[in-house]
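Data first, discussion second: the structure below is written as structure tokens.
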2 protein chains.
Amino acid sequence: MPKATVERLPLYLQCLQAMGDSETTVSSDVLANIAGVNSANVRKDLSYLGSHGVRGVGYDRLELCVQLRRALGLTDKWPVVIIGVGNLGSALANYQGFDPSGFNVIGLYDADPSKIGDPVDGHRIKSMEELELDIKEHDVQMAILTTPAGAAQEVADMLVGAGILSILNFAPALLKLPDTVKCRQVDLATELQILSYYQATRTA
Amino acid sequence: MPKATVERLPLYLQCLQAMGDSETTVSSDVLANIAGVNSANVRKDLSYLGSHGVRGVGYDRLELCVQLRRALGLTDKWPVVIIGVGNLGSALANYQGFDPSGFNVIGLYDADPSKIGDPVDGHRIKSMEELELDIKEHDVQMAILTTPAGAAQEVADMLVGAGILSILNFAPALLKLPDTVKCRQVDLATELQILSYYQATRTA
DNA sequence: GTGCGCTTGTGAAACGAATCACGATGCCCA
DNA sequence: TGGGCATCGTGATTCGTTTCACAAGCGCAC
Ligand SMILES: NC(=O)c1ccc[n+]([C@@H]2O[C@H](COP(=O)([O-])OP(=O)(O)OC[C@H]3O[C@@H](n4cnc5c(N)ncnc54)[C@H](O)[C@@H]3O)[C@@H](O)[C@H]2O)c1
Ligand SMILES: NC(=O)c1ccc[n+]([C@@H]2O[C@H](COP(=O)([O-])OP(=O)(O)OC[C@H]3O[C@@H](n4cnc5c(N)ncnc54)[C@H](O)[C@@H]3O)[C@@H](O)[C@H]2O)c1
């Protein structure tokens, strides 16, 4: 499946979930308008799911949700760990959107001894030693990294060693990882700077 | 300048800043390796800056930083506002990475009357009425949106009315905006779901 | 100075993705 | 039962981006 398609599937899922239960069926045209893409693009994307739209009618909304979830590997909840429980890490820990999206935060970890044991959203912050054990015990494959940039590589190496295969990295640091490990970077500064470019060229 | 290039410029800037002051010059090859892209791609990107690499030597690191900053419109600090000071909004407010990246948080705003006046990182949370005034007074063009998804559209409309032209939206909601307004979406669930796809197809 | 090695800048080619355009097909209603 | 309408699925096309490949240029060493 093309990379570009994969990156749109969550968008479609979000759109379908956001529209009321009133609609039992959606056309590619309607979905395209909501999602802000071209309708032929939607149809081509959905065709990769081996989906079964009905000509003249559209797609069955609920069935499509199921297919999207299956394609995205969201049939079971993925256990995830959060490393670095500072400002951002605690915000994520408190976030209520994980479960409905298909994820389950099983633990929060920090290197700062003074934080260990502190309660955050029903969890207690654990040590980095426990992290390694928990990953192996629960067969965790996904990690969210919210340590300072300086510690990110070191922590990432440890995560990879422990068996993590997917990392969502919020630290503004480029991780060197084996290519068996998939990483996505979320960078606030980058996003703002891109906006800044368009803002600046607009007035120029 | 191609969209794809614009989205890489902040990356180059980050790489150049991260490498020590020891290197006075960088070749496209070195930068490409650090940034994880093809070196021809780097050269083509930088050529849009009207840049002046020196054949046989490379690019002057500091000069290149200056050029990147200028291209991105980062010569002055942009004033930005944060709307919705909950878990995520407060984390962002406490973030120390804005200033070095070229941005200046001038105010935090929330609709919840019980929060107004609360101190967060040297600011006091202000009301939505003040938001509109502040935007006009300080000629603010960029806003960070961290309200619940349900309130996002309504708040966005208000921001647009007040003169905001760029929105960084953390709420999992697709905003309908006039095409004079640029928006970038940061969606945690989407990112995790993309990782989930690759995780799932790996084992399948 | 002359030559050699390194690195840029860029046309050309390859690739991937978005869009177009339309035949095929199922549904609904007369 | 058949005709019209809406919509899908998809080949063909266009577009944007990445990569290749190499001539041109600069600096340094001798
Ligand atoms: N706060 C934000 O809004 C924001 C926004 C964008 C990016 N970021 C990035 O996210 C990361 C976290 O930001 P923050 O504001 O939460 O910082 P923070 O300093 O509040 O939190 C970092 C946490 O990581 C822990 N830590 C440090 N070294 C560690 C290690 N080796 N192993 C495990 N834990 C370790 C610290 O004890 C601390 O609790 C930073 O890289 C920052 O640049 C933050
Ligand atoms: N917390 C996270 O880690 C996280 C991660 C990803 C996405 N998000 C998204 O970011 C947004 C904020 O998340 P959060 O966890 O901080 O939520 P939160 O409930 O803690 O904070 C939301 C804040 O917005 C304020 N608010 C509500 N309606 C408003 C309005 N009309 N105008 C102005 N302010 C208003 C609330 O008073 C509250 O302070 C949500 O959309 C959430 O889905 C959060």
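For clarity, every value in this text was computed on a predicted model and none was experimentally measured. Letters A, B, ... are given to chains in the order of the sequence lines, protein chains preceding strands, and every chain is numbered from 1.
The separation between B:Tyr59 atom OH and C:dT7 atom C1' is 9 Å, rounded to whole Å. Rounded to a whole Å, the OH atom of B:Tyr48 is 17 Å from the P atom of C:dT8. Between A:Arg61 atom CZ and D:dT7 atom P the separation is 17 Å, expressed in whole Å. Nucleotide C:dT19 holds its P atom 11 Å from the CG atom of A:Asp45, rounded to whole Å. Whole-Å rounding puts the B:Leu11 CG to D:dT18 P distance at 12 Å. One can place CG of B:Leu46 at 16 Å from P of D:dT17, the figure rounded to the nearest angstrom. The nearest whole Å value for the distance from the NE2 atom in B:His52 to the C1' atom in D:dC26 is 15 Å. Going from atom CG of B:Asp60 over to atom C1' of D:dC26 covers 15 Å, rounded to whole Å.
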Exercise for the section: Could you check A:Glu23 against A:Arg61 for salt bridge (charged side-chain N to carboxylate O under 4.0 Å, His left out), going step by step and ending with a plain yes or no? Expected result: CA-CA 7 Å; A:Glu23 322 283 343; A:Arg61 192 173 65 84; over 6 Å; no

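Note on B:Arg8: a side-chain N or O is less than 4.0 Å away from OP1 or OP2 of D:dT18. Close to D:dC8, at under 4.0 Å from its OP1 or OP2, lies a side-chain N or O of A:Ser28.
Closest to the A:Arg43 side chain, of the nucleotides C:dA12, D:dA12, C:dA21, is C:dA21. The nucleotide whose nearest atom lies closest to any side-chain atom of B:Arg55 is, among D:dA23, D:dT10, C:dA17, D:dA23. Side-chain atoms of B:Ala4 lie closest to D:dT17 of the nucleotides D:dG9, D:dG27, D:dT17. Comparing atom distances between the A:Lys3 side chain and each of C:dA17, D:dC8, D:dT18 picks out C:dA17 as nearest.
The pair B:Asp134-B:Lys126 counts as a salt bridge, with a side-chain nitrogen and a carboxylate oxygen less than 4.0 angstrom apart. Look at B:Arg184 and B:Glu7 and you find a salt bridge, because one of the NZ, NE, NH1 or NH2 atoms lies within 4.0 Å of a carboxylate O, short of that distance.
In terms of polar N and O atoms assigned as donor or acceptor, the side chain of A:Lys44 comes within less than 3.5 Å of the base of C:dT19 in a complementary pairing.
Closest approach of B:Thr75 to B:Arg70, counting heavy atoms only: CG2-CA, 4.1 Å. The two atoms that bring A:Leu145 and A:Ala156 nearest to each other are CD2-CB, 4.3 Å, heavy atoms only.
Between A:Leu168 and B:Leu188, some side-chain heavy-atom pair lies under the 4.5 Å cut-off.
Nearer the 5' end of DNA chain C, as judged by each residue's closest nucleotide, is the contact made by A:Thr5, out of A:Thr5 and A:Gly56.
Each of A:Leu72, A:Leu68, A:Thr5 was compared with A:Leu49 under the side-chain contact (heavy atoms from CB on, under 4.5 Å) criterion, and only A:Leu68 meets it.
Looking at residues 33-42 of chain B, you'll see B:Asn38, B:Ala40, B:Asn41 sit with a heavy atom under 4.0 Å from some atom of DNA chain D.
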